Amino acid sequence: MTPPARPIQVLPDSVANQIAAGEVVERPASVVKELVENALDAGAAHIRVEVVRGGRQRIRVIDDGAGMGRQDAIMCLERHATSKIASARELRGVASFGFRGEALPSIAAVSRLTLETCDESGAGTRIRATGGTITSVDDHARARGTTLEAANLFFNAPARRRFLKSGSAETRVVAAELTSLALAHPEVAFTLTSDGRTLLDLPADPGPARRVGRVWGSDARASMFGFVGAGKVGRVSGLLQRPDQARSGPRRTYLFVGGRPFRDKGLRDAVRRAYRTTIREAMRPWFFLYLDLPAGEVDVNVHPAKLEVRFRDRTAVEGFIEDEIRRALAGEESAATLDSPSASDGATSKVQDPAPESSPSSVPPVGDGAGAARVRESAKYAPGTADRSSDPSSEAADAQMALFASGAPAAADAARPVAAAEEVPVEPARLWQLHGTYILVEVRGGMMMIDQHSAHERILFQELMEAFGKGGQPGQRLLFPITLTLSPAEYQHVEPLFGMLARAGFEVDGFGGNSIIVHAVPNPHPYFDAEGCLREMIGELTHGSELVRAARNQHERIAMTFACKGAIKAGRELSQEEMRELIDRLFATDLPHHDVHGRPTAVRLSLSELERRFGRT
């Protein structure tokens with residue numbers, strides 16, 4: 001039945017306010033978010049949140065911020081009343097959390113609201129409102145700051161109230177919302193109580209690493225490392241989980257821009273791309289990213305609840321994030337470690353808390369801080385390293401290899417005066433092979449254990465991918481060609497790949513039926529079994545594997561399988577020169593600490609951890 005037509009009319013304020021509240025106030029967590037953001041805008045150093053029955057019965061937010069005078073306190077309950085902006089032009093670079101002037105009137109419209117506030121004048125005010133209507137304004141003595149209480153949420157909108165979850169479920173959402181804001185502002189202390197029980201008690205912290213440790217424990221904090229990156233797009237800093245610590249299942253991923261938490265699938269995908277070939281496909285690393293972009297490059301006024309933002313040049317931002325994280329994953333900090341959380345705790349806190357006043361132009365690229373040039377200079381004097389001084393792309397590799405020059409000063413010691421590089425005695429790094437599989441290396445900060453097979457995998461993968469970009473790598477002609485008989489499925493799968501295999505160094509032709517003949521093969525090392533490698537590659541390419549499925553394209557599939565099957569095997573005894581060459585080539589790659597399966601190539605053990613274990617500290 002068609003409802004009778006009604007004339008168009010302007011809705012009463014009470015109805016309009018409830019409609020507006022529907023956009024801003026979805027559930028108790030929405031109220032907490034808006035009130036805490038107001039407290040942050042007021043410069044609060046400590047924010048206390050109290051909820052009863054998940055916020056359905058009562059939400060109270062107490063802060064020690066600037067507070068308000070009586071006139072402002074009354075005005076803040078009016079729609080579109082705000083002190084944050086005065087013109088539309090200011091929306092482009094708005095830095096505050098609240099700026100629309102909708103939150104408080106929307107919350108007041110669907111609750112019984114009490115506002116207590118006092119500014120620097122010392123004259124306090126208490127305002128009570130029910131359903132959006134102010135019922136009383138009184139004097140109220142209190143310290144500077146503001147207390148806002150919203151009781152009986154949705155008391156006048158029973159349909160909305162029925163959609164709320166149980167008290168425990170709503171409390172979990174409130175805790176998640178407050179955790180996000182606490183991570184965005186580690187310099188502010190936060191407390192959350194539910195039904196009188198303290199759920200969060202976070203004192204002010206110097207940076208995000210300490211806060212992550214307080215929320216999820218020291219193991220979570222120790223599994224991450226800090227980084228800072230800067231470029232034309234802006235500046236990014238934060239915490240990344242070391243690839244060896246990534247696990248499947250739920251993960252913690254947080255994005256912040258200008259101190260504001262937000263959601264963005266595109267940036268999360270950029271992080272995932274940056275981790276490629278360092279973790280297995282099913283692994284889901286944690287990350288906490290803090291973006292600082294120039295004013296006008298990001299629009300925060302695109303979502304009713306300010307949960308999403310819009311970038312002026314999204315492609316540039318995503319590419320910047322991917323490149324900077326990839327660069328951070330190339331550093332030693334991303335390598336697996338045997339250090340206990342207590343030993344690595346202090347080191348972690350030094351690298352992820354950049355000075356807040358730093359501008360993008362003043363932040364050095366990752367791995368190139370004060371003294372990095374000094375390390376690169378000293379690396380040139382390390383015996384056993386190739387002369388790459390004429391190749392600008394080798395600087396990062398030189399900085400990595402400087403770790404193994406036991407006599408040269410460490411980058412961490414760059415703050416101390418050092419002699420010229422020529423005056424520093426440099427000795428070859430000491431190498432030992434364990435069980436024919438692991439190479440033990442003495443480094444300045446302790447020792448490093450390298451898996452020779454995983455290390456060679458990374459080397460072969462990068463070298464072949466680079467060769468593909470230049471047309472391929474040459475093969476070594478065989479005096480006596482090799483003939484292989486394949487299964488029908490294998491032959492059908494490999495025949496279209498003859499050209500690509502040739503660019504990988506395998507010159508292959510059909511030889512009748514399901515047979516192939518191999519005229520040339522690559523020569524990655526003296527112990528290379530060309531026939532066995534090619535058979536295993538064909539089998540894996542035909543039947544699939546986790547490694548093959550992780551590849552983006554056919555070039556990567558060939559390079560990954562060749563690296564896996566062609567690398568030096570575990571159990572192969574190596575000479576000192578062979579071990580030294582392997583390490584040289586490993587640390588000339590882009591991601592030396594991770595193999596193509598997502599396993600570590602090297603594991604660190606710091607000298608401080610050794611001293612702690614032996615009771616020397």
Side-chain angles (χ1 to χ4, degrees), residues 24 33-34 36-45 65-66 76 80-103 180-188 207-208 226-239 253-271 287-325 327-328 352-366:
V24 177
K33 175 181 181 294
E34 297 291 347
V36 170
E37 286 181 348
N38 281 344
L40 291 169
D41 281 342
C76 76
H80 307 303
T82 179
S83 62
K84 314 299 172 55
I85 60 172
S87 67
R89 187 185 307 118
E90 295 180 65
L91 283 172
R92 294 188 59 189
V94 65
S96 60
F97 291 103
F99 52 85
R100 294 173 180 155
E102 291 182 323
S180 182
L181 289 166
L183 289 166
H185 296 272
E187 75 283 359
V188 178
F227 80 105
V228 177
K232 293 180 180 179
V233 172
R235 180 178 185 272
V236 61
S237 61
L239 300 170
T253 61
Y254 289 86
L255 300 169
F256 309 95
V257 60
R260 183 190 305 276
F262 70 102
R263 304 179 305 208
D264 194 292
K265 183 180 182 300
L267 292 191
R268 285 186 167 88
D269 288 344
V271 175
F287 59 84
F288 303 80
L289 300 185
Y290 298 79
L291 272 170
D292 285 317
L293 303 180
E297 293 298 307
V298 58
D299 184 1
V300 300
N301 189 31
V302 297
H303 191 276
K306 294 169 288 188
L307 297 175
E308 299 174 1
V309 300
R310 180 182 293 131
F311 299 105
R312 192 182 66 81
D313 189 345
R314 166 168 289 279
T315 302
V317 173
E318 290 184 5
F320 169 66
I321 294 295
E322 182 178 349
D323 291 345
E324 293 304 325
I325 291 178
R327 185 176 291 114
Q352 80 303 330
D353 299 330
E357 65 273 11
S358 298
S359 64
S361 60
S362 67
V363 179
V366 172

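Because the structure is a prediction, the values reported are computed rather than measured. When reading the values below, keep in mind they use all heavy atoms of this one structure, side chains included, and skip hydrogens, waters and symmetry mates.
A 4.5 Å side-chain heavy-atom check between E322 and V271 finds every atom pair outside the cut-off. The shortest side-chain heavy-atom distance between S237 and F227 does not fall under the 4.5 Å cut-off.
For the atom pair L289 CG and E324 CD, the distance stands at 11.0 Å (nearest 0.5 Å). Taking CZ of R263 as the start and CD of E308 as the end, the distance is 5.0 Å to the nearest 0.5 Å.
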Please output the side-chain donor-acceptor pairs of residues 313-321 that fall under 3.5 Å, not counting sequence neighbours, one pair per line with the distance.
from, atom 1, to, atom 2, distance (Å)
D313, OD1, A316, N, 3.2
R314, NH1, D264, OD1, 3.0
R314, NH1, D264, OD2, 3.4
R314, NH1, E318, OE2, 2.9
R314, NH2, D264, OD2, 2.5

Where do F288 and L183 land on the side-chain contact (heavy atoms from CB on, under 4.5 Å) test, with the steps shown first? CA-CA 9 Å; F288 303 80; L183 289 166; 3.7 Å; yes

Could you walk me through whether D292 and E297 pass the side-chain contact (heavy atoms from CB on, under 4.5 Å) test, one step at a time? CA-CA 10 Å; D292 285 317; E297 293 298 307; over 6 Å; no

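Judged as a ring-ring contact (aromatic ring centres under 6.0 Å, His included), and not counting sequence neighbours, the contacts of Y290 are F256. Shown here are the side-chain contact (heavy atoms from CB on, under 4.5 Å) partners of A44, two or more places apart in sequence or in another chain: A39, I47, D63, D64. Applying the side-chain contact (heavy atoms from CB on, under 4.5 Å) test to R310 and every residue at least two apart in sequence or in another chain returns D299, V302. Residues meeting the ring-ring contact (aromatic ring centres under 6.0 Å, His included) test with F262, sequence neighbours left out: none. Applying the side-chain hydrogen bond (donor to acceptor under 3.5 Å, both in side chains) criterion to T253, with sequence neighbours excluded, gives R268. Shown here are the salt bridge (Lys or Arg N to Asp or Glu O under 4.0 Å) partners of K265, two or more places apart in sequence or in another chain: D269.
Between L291 and the options V298, V233, L255, L267, a side-chain contact (heavy atoms from CB on, under 4.5 Å) holds for only L267.
Side chain of H185 to backbone of G259: a donor-acceptor contact under 3.5 angstrom is found.
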